[in-house]
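Lettering of chains follows the sequences in order, A, B, ..., and the numbering in each one begins at 1.
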Amino acid sequence: FQQRRCSARRAAFLVESLQDLDRGLRARGARLHIASGDPAEVLPTLWSRLGIQYLSFDADETGEPYARRRDARVLTAAREAGVRAEPHATETLWSLEAYEAKCGGMGNAPGTMTAYQSLLGRMGKVLAPVDAPVAADYPSPGVQGELVGAAEMLVPSSPLALPWPRETARAEVESVWGPAEVAALSSRVVPALRGGESAALERLEAKIQAPGREAWVAAYDKPKTAPTALTPSTTALSPYLSLGCVSPRDMWHAVDAAAAAAPKSAARSKPPVSLHGQLMWRDFNNLVARAANDSVPGSWGQMEGNRFCRQVAWGEDKAALAAWAEGRTGYPWIDACMTQLRAEGWIHHLGRHAVACFLTRGDLWQHWEAGAAHFEAQLLDADYALNGFNWLWLSCSGFFYQYFRCYSPVAFQKKKDPSGAYIRKYLPQLARLPDKYIYEPWKAPPAVQKAAGVIIGQDYPEPIVDHAVVSKANMSKMADAYAKHKALNGGGSGAPAKKKQKR
DNA sequence: CGCTCTGTTGGTATG
DNA sequence: ACATACCAACAGAGC
């Protein structure tokens, strides 16, 4: 969690999660203490001060560069201090190490979802999570007693109270989270998602476990869920999974139980579109992130050196990138999605597809890394492995290659939500336009614009590009990039592959 | 090597 | 509302 790459909204979700964790610990006679600073310096100080001999920590198995370096330094310090240190894998259904052992090294790791599914099939039954600790599991008072009252170790009350990295200048911090951005947290559009385990378990109950949900769970078909719904049409459990507020194993077994209890007549979906499938995507994505970093350290999340990523000569247009990020493209569906992202930190999966395609191969031809950085900062469910994977997919840089299948910034959602209720909610300046023009306001005659109180080019932008024109042009750029890739990688012995000439 | 099949989620025109 | 053909034609797995 690095503040310079994290919106105030997302940080607020973290703070809520920490506060809830503290409440949960207090209910068991313990409490949460937060130490700030460089872990490799702060932890040894605490170990010697408090006589600590055991360190248990959450394993980062993807090889994300910051986490890898941090863990290596902390483990060295622990060895030197005689502290027994134990990492525990908790983010995935199975530890990535266990997958690696099963497939005989990361070189054999699955590169497709189908191959991953067969690997999972060989892993056995997904384990249940261990029980939550009870009061008796915590040391009493001793260690805790000495820390209680240390003001600098209290749980922060707001994003601005989070401890900053020491080298970060105050001016830099404020440019990311000025008082305005923090104040905006209580703005008109409020996310439905509150941080913390309590909220996670309530949501798990409401979406999966509650009586009456069985048939919905059994029939869940991700691509058919509505991207234009005014409240999430999916479970929206991803922010909780990404922060560890709920275990994927918990969700797995909740889905199992609900589907088993569904009536015989209920429709049954299967992976990868089912709810189990959604959890499987997470593990698959984590596995390929580890595989990329195993080949070239630090290559996941970027184009260079990434063995899963096509090299594409993306453009660099700061103005186009800013228009996209700030919801000023002139395409209401895109701008509404980007507005929801900034306001709530969440958008539907298919909305993410639409805006990611628009930024990269579809329309603006901007680098997917720039889009990924914006998503990482804004999304409550931002996740290193999943974010990287999905940007590769949507930009046709990896895992998905049918670049001639391009999302229209108008058509699909118009079919789903012909009156544009979703757009009217997030772009109130367009709210009085007739249905006919809500997805394409530039087509509205001047009199209609005037009557609706919105002049295109003045109150709302003209389209930043002509989708019909640029999407065609971009497809041929993708064809070029693919041809280059083939020439570089096609020959088994390093020789360029013969190009197939048609016509 | 060549072939077929599959791949979570396209758009447009036509019936 | 739904089904189908067509667009121009991807990669990866498996035989």
**Message:** Between B:dT4 and C:dA9, how many Å separate the two C1' atoms, rounded to a whole number?
**Reply:** 15 Å
**Prompt:** According to the 5.5 Å centroid and 30° plane-angle thresholds, does A:Trp281 stack upon the nucleobase of B:dT8?
**Reply:** yes
**Request:** Taking side-chain hydrogen bond (donor to acceptor under 3.5 Å, both in side chains) as the test, write out the residues that go with A:Ser238, two or more places apart.
**Result:** A:Asp381
**Candidates B:dT8, B:dT9, C:dC10 - which lies nearest the side chain of A:Tyr407** = B:dT9
**Message:** Counting the atoms with a prime plus P, OP1 and OP2 as sugar-phosphate, which does A:Met113 contact under 4.0 Å by heavy atoms, base, sugar-phosphate, or nothing?
**Reply:** sugar-phosphate
**Asked** Do the side chains of A:His374 and A:Arg342 get nearer than 4.5 Å, heavy atoms only?
**Response** yes
**Message:** Taking only the P atom of each, what is the distance from B:dC1 to C:dG12 in whole angstrom?
**Reply:** 15 Å
**Complete:** Considering only heavy side-chain atoms of A:Phe404, the closest of B:dG11, C:dA9, B:dT8 is C:dA9
**Asked** Is there a donor and acceptor pair, one atom on the side chain of A:Gln402 and one on the base of B:dG10, closer than 3.5 Å?
**Response** no
**Gap in Å between the two P atoms, one belonging to B:dT8 and one to C:dC7, rounded** = 26 Å
**Request:** Give the rounded distance in Å between these two atoms: NZ of A:Lys472 and P of C:dA8.
**Result:** 6 Å
**Message:** Does A:Arg249 qualify as a cation-pi partner of A:Trp252, given the criterion of NZ or CZ under 6.0 Å from the six-membered ring centre and within 45 degrees of its axis?
**Reply:** no
**Prompt:** Between A:Tyr116 (OH) and B:dG7 (C1'), how many Å, whole number?
**Reply:** 18 Å
**Request:** Mind checking A:Arg310 for me? I need base, sugar-phosphate or nothing, with any heavy atom below 4.0 Å counting as a touch.
**Result:** sugar-phosphate
**Request:** Find which nucleotide of DNA chain C each of A:Arg405 and A:Tyr482 is nearest to by heavy atoms, and output the residue with the more 5' nucleotide.
**Result:** A:Arg405
**Request:** Could you please spell out the steps behind the side chain to side chain donor-acceptor pair (under 3.5 Å) verdict for A:His353 and A:Tyr407?
**Result:** CA-CA 8 Å; A:His353 277 215; A:Tyr407 289 91; 2.9 Å; yes
**Fill in**
side chain to side chain contact (heavy atoms under 4.5 Å, CB included) test vs A:Cys396 passes for just one of A:Trp368, A:Phe404, A:Tyr403, namely A:Tyr403
**Request:** Return no unless some side-chain N or O of A:Lys486 is found under 4.0 Å from OP1 or OP2 of C:dA11.
**Result:** yes
**Request:** Could you tell me the separation between the CZ atom of A:Phe399 and the C1' atom of B:dT9, rounded to a whole number of Å?
**Result:** 18 Å
**Message:** Can you list every stem that DNA chain B is part of, counting only runs of 3 or more consecutive Watson-Crick or G-U wobble pairs with both distances under 3.5 Å?
**Reply:** B:2-7 with C:10-15, B:10-15 with C:2-7
**Asked** So, A:Gln429 versus A:Tyr460: side-chain donor-acceptor pair below 3.5 Å or not?
**Response** no
**Prompt:** Whole-Å distance between B:dT8 C1' and A:Leu394 CG?
**Reply:** 12 Å
**Message:** I need the NZ-P distance between A:Lys416 and B:dT9, as an integer number of Å.
**Reply:** 14 Å
**Message:** What is the separation between atom CG on A:Asp480 and atom C1' on C:dC10, rounded to the nearest whole Å?
**Reply:** 14 Å
**Complete:** Among C:dA13, B:dG11, B:dT8, the one nearest any side-chain atom of A:Ser408 is B:dG11
**Separation of B:dG11 C1' from A:Lys415 NZ (nearest whole Å)** = 8 Å
**Message:** If only side-chain N and O atoms count, and only distance matters, is there a donor-acceptor pair under 3.5 Å linking A:Ser395 with A:Ser397?
**Reply:** yes
**Asked** Do A:Thr62 and A:Asn286 have a side chain donor and acceptor closer than 3.5 Å?
**Response** no
**Asked** What is the distance from NE2 of A:His485 to C1' of C:dC10, rounded to the nearest Å?
**Response** 11 Å
